Amino acid sequence: MKHILMLSLGPVQDFIATARRTRDLYAGSRLLSEAAQQVARHLAGEVGEEQLIFPAPGGEVSLEELGKAGIPNVILALVPKGKDPKALGEKALEAARAYLKAKAMEVFRGRQDHLFLDTALAQVEDLLEGYYAYAPLGAKEDYASTRGRVAALLAARKNTRDFAQVTWGSAAFKSSLDGARESVLLLPDKPEEANRARVTLGLRPGEYLSGPDLLKRWWPVGEGFVSTTHMAALPFWEGAKARGLEGRVREALAEVARLVGEEARSQTWHPVLRDTPFGDYDVRLLYETRLEEFTSLAEDPSRLEAVRKRLQTLWAELRQKGLPPPGTYYALLHADGDRMGETLDGLQNPEAHRAFSNALAREFALKVKGIVERHGGGLVYSGGDDVLALLPLHRALACARALAERFREVMAPYGKGGVLPSLSVGLAVVHHLEPLQDALDLARRAEKKAKEDQPKRNALAVIYSPRSGSELAVRGRWDESPRLTQRLLRYADLIRLEAVPSRAAYELKELIREAGDVLSEEALVAEAMRILKRKEMKEAYREELAHWIRTKEHVERLAHELILARPFAEAMEQAGVPVESREVWDAH
């Protein structure tokens with residue numbers, strides 16, 4: 001009898017989120033994806049690729065190609081008659097754990113004099129949580145209900161998982177990232193010497209890292225991965241090019257790099273940094289608040305002062321040309337498919353499910369990297385319907401819309417009975433020096449808001465977390481007209497044209513706070529109109545804003561969207577994005 005076998009690997013969210021650098025974030029997602037790929041590869045070797053349902057290589061797409069985008073942490077396969085699903089599950093999980101341990105040995109080799117190697121390997125070996133469940137699929141049994149039963153069994157297995165005692169407990173300092181595992185670093189006793197050793201190992205002064213932490217930090221990422229600071233600085237570089245000032249910026253960076261020394265050289269060759277100076281020079285050189293992170297400057301105040309003066313001269317020169325210094329905010333995007341469970345329930349046999357998986361991977365997941373990079377961003381992960389990416393602010397809204405449109409096109413053939421899969425997107429607008437774990441939490445909350453606020457799903461939610469001040473969140477469905485992306489773009493245009501006084505939005509927000517529960521809706525709208533009439537602005541713009549105000553909800557939405565449009569307006573102005581452009585409007 002055939003069986004349906006489902007396997008799940010973890011931990012996913014917590015492990016990936018345990019990151020101090022974007023390199024850690026990217027490596028954590030790749031680590032789990034490659035472990036999942038080993039599970040799929042083992043199953044394919046035992047039962048044949050054609051028996052893999054999710055992921056589903058085939059046609060023009062091989063398992064290796066799917067792995068480049070990302071293999072999801074849940075693997076589904078059909079086990080033919082004569083094969084033991086339990087043995088297959090056990091062996092597949094063993095293959096994933098063996099792969100991680102072998103990869104750790106490869107990564108740690110050459111650095112083992114600075115490690116308690118046995119402890120580091122034991123922690124890595126214990127890292128992966130793997131579960132599986134299976135059920136028979138009879139000739140007359142319903143595939144969808146059997147698959148649902150297997151999913152329920154797997155969930156039950158996770159909820160009753162085993163907690164084995166660790167073998168490496170010691171009095172060593174806990175990890176600086178999650179406080180869960182002991183540090184495995186073997187360093188000199190003197191703090192100064194220990195920090196020098198950390199720097200040579202690619203760590204920050206004072207960091208204590210466990211085996212899994214170091215596996216992520218040293219994971220080979222090839223071309224490197226963009227940082228949050230890269231994303232914050234890209235609008236500045238686009239603006240320099242648009243104004244013909246790139247030569248001045250490159251010249252100043254070269255001078256600053258000579259003062260800093262070898263530390264100023266960049267180690268990142270990501271595709272979006274091509275044609276920028278950040279493939280040659282460390283982007284932190286553009287930010288005075290980060291200069292003391294360079295050892296040569298921290299130890300030589302006179303050299304630090306010389307670098308600051310050179311940057312200040314550059315900013316003064318660029319301001320005269322209309323280009324402000326680099327910005328400090330970027331966007332972190334988290335997207336997830338809607339109604340995927342309902343869609344899967346409508347697939348009546350393994351062949352249909354396999355075709356669905358193949359289309360999702362080939363036509364969406366494998367295309368996401370190109371979409372993100374065309375918008376100047378760095379893709380962290382794209383597996384199935386799940387996306388995580390970093391983006392510069394001036395292109396983040398357009399990228400969110402492009403991803404949602406692509407997903408809708410790919411899923412259109414699978415919409416039945418009014419159930420059409422869609423993509424809900426969360427965007428977190430965050431300062432580039434905010435802890436990465438906090439930014440990830442914000443992006444996930446934004447994605448949850450997009451999915452769960454009424455009416456549910458098929459939406460974009462943006463949460464803005466200013467360095468000083470309270471969070472602000474807005475949400476809009478993709479099928480609204482105009483879309484939230486277009487409203488924010490329009491308000492950004494008005495802000496750039498100085499057509500709307502900045503106080504207008506805050507007065508409307510204060511009106512809601514003070515009188516929202518006191519005044520009738522009619523009176524509240526009338527007071528909002530009075531606030532707009534008091535402001536100095538062209539009548540056409542006043543009428544345009546007033547057009548949005550019909551209810552209390554509209555007043556609050558206008559206030560929040562005007563405030564949240566400002567960081568996008570600043571990035572677009574810096575990047576030289578055209579104002580009131582039809583082409584830009586359509587892209588959003």
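Model, not experiment: these values are computed from the prediction. Values below: all heavy atoms of this structure, side chains included; hydrogens, waters and symmetry mates excluded. Residue indices begin at 1 and follow the sequence shown.
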Task: Evaluation steps, side chain to side chain contact (heavy atoms under 4.5 Å, CB included), between E129 and K158 - done: CA-CA 9 Å; E129 296 176 5; K158 286 183 181 180; over 6 Å; no
- [ ] Assess whether side chain to side chain contact (heavy atoms under 4.5 Å, CB included) is satisfied between V387 and F364, documenting all intermediate values.
- [x] CA-CA 10 Å; V387 179; F364 179 71; 4.0 Å; yes
Open item on the list: Go through it in stages, so that I can follow the logic: the residues are Y464 and E471, the test is side chain to side chain donor-acceptor pair (under 3.5 Å), and I'd like the CA-CA distance, side-chain angles, deciding distance and then a yes or no.
Closed with: CA-CA 6 Å; Y464 172 39; E471 283 181 12; over 6 Å; no
TODO: Show your working on side chain to side chain contact (heavy atoms under 4.5 Å, CB included) between L423 and D336 and close with a plain yes or no.
DONE: CA-CA 6 Å; L423 192 73; D336 190 53; 5.6 Å; no
Task: E405 and R408: CA distance, side-chain angles, deciding distance, salt bridge (Lys or Arg N to Asp or Glu O under 4.0 Å) verdict - done: CA-CA 5 Å; E405 282 294 296; R408 182 186 62 80; 3.1 Å; yes
Task: Residue pair D213, R217: steps toward the salt bridge (Lys or Arg N to Asp or Glu O under 4.0 Å) verdict - done: CA-CA 6 Å; D213 299 332; R217 183 65 55 87; over 6 Å; no
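Note: H394 and F568 fail the aromatic proximity criterion, with ring centroids not under 6.0 Å apart. In this structure, Y330 has its ring center no closer than 6.0 Å to that of H432.
Between L185 and F116, the closest heavy-atom pair is O-CE1, 3.7 Å. Shortest non-hydrogen contact noted between A459 and A450 is CB-O, 3.4 Å. Between L203 and R21, the shortest heavy-atom distance links the atoms C-NH2, 4.0 Å. Contact record, V150 with I4: CG2-O, 3.9 Å, taken as the closest heavy-atom pair.
Within a 6.0 Å radius of CG in D118, other residues, nucleotides and ligands contribute 12 heavy atoms or fewer. Residue K101 qualifies as open at atom NZ: its count of foreign heavy atoms under 6.0 Å is 12 or below. Atom CG of N159 sits in a crowded spot, with more than 12 heavy atoms from other residues, nucleotides or ligands closer than 6.0 Å.
Both tests hold for R111 against W218: distance to the six-membered ring centre under 6.0 Å, angle to the ring axis within 45°. Cation-pi contact between R198 and Y208: present, with separation from the ring centre below 6.0 Å and deviation from the ring axis of at most 45°.
Considering only residues two or more places apart in sequence or on other chains, E409 meets the salt bridge (charged side-chain N to carboxylate O under 4.0 Å, His left out) condition with R406. A search for side chain to side chain contact (heavy atoms under 4.5 Å, CB included) contacts involving L366 returns V61, L66, A69, not counting sequence neighbours. D453 pairs by the salt bridge (charged side-chain N to carboxylate O under 4.0 Å, His left out) definition with K449, not counting sequence neighbours. In this structure, the side chain to side chain donor-acceptor pair (under 3.5 Å) partners of H230, at least two apart in sequence or on a different chain, are S227. Considering only residues two or more places apart in sequence or on other chains, R157 meets the salt bridge (charged side-chain N to carboxylate O under 4.0 Å, His left out) condition with D162.
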Below 3.5 Å, can you tabulate the donor-acceptor pairs from side chains in residues 80-94 to any protein atom, sequence neighbours excluded?
| residue | atom | partner | partner atom | Å |
| --- | --- | --- | --- | --- |
| K83 | NZ | E46 | O | 3.3 |
| D84 | OD1 | K86 | N | 3.1 |
| E90 | OE2 | Y132 | OH | 2.8 |

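Ionic pairing of K174 and E182 is present here: one or more N-O contacts between side-chain nitrogen and carboxylate oxygen are shorter than 4.0 angstrom. A salt bridge links R41 with E64: the closest approach of a Lys/Arg side-chain nitrogen to an acidic carboxylate oxygen falls below 4.0 angstrom. Using a 4.0 Å cut-off between charged nitrogen and carboxylate oxygen, E452 and K456 do not count as a salt-bridge pair. Electrostatic pairing of R487 and E480 counts as a salt bridge here, judged by a charged N lying under 4.0 Å from a carboxylate O.
Here the side chains of L76 and R147 are in contact, with some heavy-atom distance below 4.5 Å.
Of the candidates Q38, H42, E34, Y99 forms a side-chain hydrogen bond (donor to acceptor under 3.5 Å, both in side chains) with just one, namely E34.
Atoms CG and OG, from L379 and S29 in turn, are 8.0 Å apart once rounded to the nearest 0.5 Å.
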